[in-house]
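Note sheet for the following structure.
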There are 2 protein chains.
Amino acid sequence: MLNDSHLPDPAPLFAALGDRTRLSLLTKLSDGQTRSIAGLSSDAQITRQAVTKHLKVLEDAGLVISTKVGRESHFAFRPEPIKDIRAYLDGVSRQWDDALERLRVFVER
Amino acid sequence: MLNDSHLPDPAPLFAALGDRTRLSLLTKLSDGQTRSIAGLSSDAQITRQAVTKHLKVLEDAGLVISTKVGRESHFAFRPEPIKDIRAYLDGVSRQWDDALERLRVFVER
DNA sequence: ATTTAAAGCAACCAGGAGGTTGCATAATGT
DNA sequence: ACATTATGCAACCTCCTGGTTGCTTTAAAT
């Protein structure tokens with residue numbers, strides 16, 4: 001049995017990624033450049049305040065980090081949680097592959 | 001620039017994974033065994049009807065497939081979408097790594 | 001034939017998510 | 001000094017989500 005009781009719950013992380021706007025913000029930031037809220041809002045269809053809320057969600061999930069620079073908040077991408085969920089998905093895939101392999105061995109005997 | 005305009009929007013897929021109950025259902029099913037709604041509901045803290053709703057979300061996301069067997073609905077894991085989101089995350093990670101590499105080259109010259 | 005078990009369906013409810021407007025505050029630019 | 005820009009904060013609104021209860025239908029078990 002796949003036992004994930006020792007892992008932190010990845011659901012909130014997936015939830016943070018489960019929004020088009022947030023994915024788009026993340027994609028922009030994943031080019032390594034740091035951006036202000038105004039910079040991230042300029043080409044969005046929603047208000048600056050809505051973007052701020054999305055950035056808060058991303059930051060709470062650890063996907064982004066912000067630092068104050070003068071009157072601006074500069075946001076940067078944080079890749080660590082991405083690694084975490086890839087590891088989680090690897091676990092799920094592995095359990096599946098193992099199940100298939102057991103079935104194959106059973107059928108072929 | 002990372003261009004994801006040709007890809008199907010992965011946000012709904014992430015959203016489907018963004019719930020503890022659904023992740024737990026998926027984890028159970030990823031062992032390769034097929035299960036009825038009653039079987040999946042028995043050790044859950046919520047009602048059978050709530051489980052049914054979660055299964056519908058998972059099925060809409062393609063993460064699970066159901067077939068009727070007599071009066072029962074049997075659910076099975078579908079690994080394909082997992083591969084899709086891993087590919088998506090690989091793209092994000094790659095863009096990030098490339099950015100770091102460019103920075104390194106720039107700094108070291 | 002009757003009872004029991006599995007599932008579908010609909011109505012309802014509370015709370016959260018995503019968005020807005022409006023206003024205040026604090027740096028920057030001129 | 002004054003005007004402008006970037007952000008923060010709060011109130012509000014609507015719709016969706018995750019959950020419930022209650023009832024019906026259908027298959028299986030006795």
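Letters go in sequence order (proteins before strands), and every chain restarts at 1. This structure is a prediction, so every number in the text was calculated from the model and none was measured.
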* Asked: Given Asp98(A) and Arg102(A), is the salt bridge (charged side-chain N to carboxylate O under 4.0 Å, His left out) satisfied, shown in steps?
  -> CA-CA 6 Å; Asp98(A) 291 353; Arg102(A) 280 193 298 276; 5.1 Å; no
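- A salt bridge is defined here as a Lys NZ or Arg NE, NH1 or NH2 lying under 4.0 Å from an Asp or Glu carboxylate O, and Arg94(B) with Asp90(B) fails to meet this definition.
- Hydrophobic clustering (ILVMFWY, side-chain heavy atoms < 4.5 Å, transitive): Leu40(B) and Trp96(A) are in one cluster.
- The hydrophobic cluster containing Leu103(B) does not contain Ile65(A), counting ILVMFWY residues as joined when their side-chain heavy atoms lie under 4.5 angstrom apart, directly or transitively.
- Ion pairing of Lys83(B) with Glu80(B) is absent here, as no side-chain N (NZ or NE/NH1/NH2) approaches a carboxylate O to less than 4.0 Å.
- Distances shorter than 4.0 Å separate some side-chain N or O of Ser73(A) from OP1 or OP2 on dG8(D).
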When you compare the protein's N or O atoms with those of nucleotides 25-30 of chain C, which come within less than 3.5 Å of each other, and at what distance?
{"from": "dA27(C)", "atom 1": "N3", "to": "Arg71(A)", "atom 2": "NH1", "distance (Å)": "3.0"}
{"from": "dT28(C)", "atom 1": "O4'", "to": "Arg71(A)", "atom 2": "NH2", "distance (Å)": "3.2"}

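- Of the residues in residues 53-63 of chain A, those with a non-hydrogen atom less than 4.0 angstrom from any atom of DNA chain C are Lys53(A), His54(A).
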* Might you work through the side-chain contact (heavy atoms from CB on, under 4.5 Å) test for Leu23(B) and Phe14(A), ending with a clear yes or no? => CA-CA 10 Å; Leu23(B) 277 187; Phe14(A) 281 119; 4.1 Å; yes
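- Contacts with DNA chain C (heavy atom under 4.0 Å) in residues 35-44 of chain A: none are found.
- Note: CG (Leu17(A)) to P (dG18(C)) measures 12 Å, nearest angstrom.
- Checking the phosphate oxygens (OP1, OP2) of dG19(C), no side-chain nitrogen or oxygen of Thr47(A) falls inside 4.0 Å.
- Between the C1' atom of dA6(C) and the NE2 atom of His74(B) lies a distance of 10 Å, rounded to the nearest Å.
- Whole-Å rounding puts the Glu72(B) CD to dA27(D) C1' distance at 9 Å.
- Here dG16(C) presents its C1' atom at 13 Å from CG of Asp19(B), a figure rounded to the nearest Å.
- Rounded to whole angstrom, the span from the NZ atom of Lys68(B) across to the P atom of dA7(C) amounts to 7 Å.
- Separating the CZ atom of Arg48(A) from the P atom of dT7(D) is a distance of 8 Å, rounded to the nearest angstrom.
- Between Arg22(A) and dG18(C) there is a side-chain N or O to OP1 or OP2 distance below 4.0 Å.
- Atoms CG and CZ, on Asp9(A) and Arg20(B) in that order, are 4.0 Å from each other to the nearest 0.5 Å.
- Between atom CG of residue Leu63(A) and atom OG of residue Ser30(A) there is a gap of 11.0 Å, rounded to the nearest 0.5 Å.
- Atom P of nucleotide dC12(D) and atom CD of Gln49(A) are separated by 16 Å, given to the nearest angstrom.
- Looking at Glu101(B) and Arg104(B), a side-chain N of the basic residue comes within less than 4.0 Å of a carboxylate O on the acidic one, giving a salt bridge.
- Between the CZ atom in Phe75(B) and the OG1 atom in Thr67(B) there is a gap of 8.5 Å [rounded to 0.5 Å].
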* To do: Kindly indicate, with the supporting measurements, whether the criterion side-chain contact (heavy atoms from CB on, under 4.5 Å) is fulfilled by Thr47(A) and Thr52(A).
  => CA-CA 9 Å; Thr47(A) 60; Thr52(A) 301; over 6 Å; no
